[in-house]
Amino acid sequence: EGTSVGGVFGREDAFATQSPRACDDSPMTISMTLDAADPGVLELLSDPVAMRTWEFVRSANATKTISELVSVTGLEAAELHRQADALLAMNLLRVIRARKPRREVGYRATCDQIVVAFDEHDEEIVSRLFAVGEAVNRDFDAVVERHADPEFHSKAGFRFQMCGTYRLSN
């Protein structure tokens, strides 16, 4: 086996994991490792709408239903169900059964960050990961441009910070 390299997507730089529990308010695992060679992983990571949906559910740190996601995102319920199915398949979301007062099943994030592991000697995977990174950067730039406020002047000297963590391991 070659050396694997991981890129981390998420808000915290953490090194330990916790075991998720089955109850509704259980804490998220700090990180979930996905193998870039597994079917569907790169496709999901390069889907900016699905990843924004995961980020919304993750950052809410609460159970969210498709109806709630429809009202917040403006996306069609069918599209959100497709995204939820893809995120469930990768174990990035879990289903929470319906119970009063919530009359429909909900979803919670299973982790706070996503770690992508891959073989750095596999040129095809590396090339696809660079393409995913470029697509994420283009989407990020488009979102910033769309929501830019030229009248905003931060006293701290910056408006936001985006960072990534990369770990090399043998």
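Note that these values count all heavy atoms, side chains included, but never hydrogens, waters or copies made by symmetry.
Counting only heavy atoms from C-beta outward, the side chains of Cys111 and Trp54 approach each other to under 4.5 Å. A 4.5 Å side-chain heavy-atom check between Ile114 and Leu92 finds at least one atom pair inside the cut-off. Leu129 has its side chain within reach of Leu42: a pair of non-hydrogen atoms, C-beta onward, lies under 4.5 Å apart.
Within the model, atoms NE2 of His81 and CG of Leu88 stand 11.0 Å from one another, a figure rounded to the nearest 0.5 Å. Of the inter-residue distances, the one linking Ile96 atom CD1 with Thr65 atom OG1 reads 12.5 Å to the nearest 0.5 angstrom. Atom CG of Leu34 is separated from atom CG of Asn91 by 8.5 Å, given to the nearest 0.5 angstrom.
For residues 32-43, the side chain to side chain donor-acceptor pair (under 3.5 Å) pairs, not counting sequence neighbours, are Glu43-Arg128. Applying the salt bridge (charged side-chain N to carboxylate O under 4.0 Å, His left out) test to pairs two or more places apart or on separate chains, those with a residue in residues 62-81 are Glu79-Arg82.
Here the closest non-hydrogen pair linking Val132 and Ser46 is CG2-CB, 3.8 Å. Closest heavy-atom contact between Ala62 and Arg108: CA-NH1, 3.2 Å.
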Verdict with reasoning, Leu45 to Val116, per side-chain contact (heavy atoms from CB on, under 4.5 Å): CA-CA 9 Å; Leu45 293 176; Val116 179; 3.4 Å; yes
Evaluate side-chain contact (heavy atoms from CB on, under 4.5 Å) for Val115 paired with Met32, printing each intermediate quantity in order. CA-CA 6 Å; Val115 176; Met32 172 74 68; over 6 Å; no
Evaluate Tyr107 against Leu87 for side-chain contact (heavy atoms from CB on, under 4.5 Å), listing each step before the verdict. CA-CA 10 Å; Tyr107 300 91; Leu87 293 163; over 6 Å; no
Please test Phe56 against Thr73 for side-chain contact (heavy atoms from CB on, under 4.5 Å), starting from the C-alpha separation and ending with a verdict. CA-CA 9 Å; Phe56 176 77; Thr73 65; 5.6 Å; no
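Looking at residues two or more places apart in sequence or on another chain, you find a side chain to side chain contact (heavy atoms under 4.5 Å, CB included) between Ala50 and Leu44, Asp47, Gln83. Taking Val70 as the reference, Ile66, Ala77, Leu80 meet the side chain to side chain contact (heavy atoms under 4.5 Å, CB included) condition, with sequence neighbours excluded. Considering only residues two or more places apart in sequence or on other chains, Ser67 meets the side chain to side chain donor-acceptor pair (under 3.5 Å) condition with Glu104.
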Please tabulate, one pair per line, all N/O donor-acceptor pairs under 3.5 Å involving side-chain atoms of residues 138-145, not counting sequence neighbours.
| from | atom 1 | to | atom 2 | distance (Å) |
| --- | --- | --- | --- | --- |
| Asp139 | OD1 | Arg52 | NH1 | 3.1 |
| Asp139 | OD2 | Arg52 | NH1 | 2.6 |

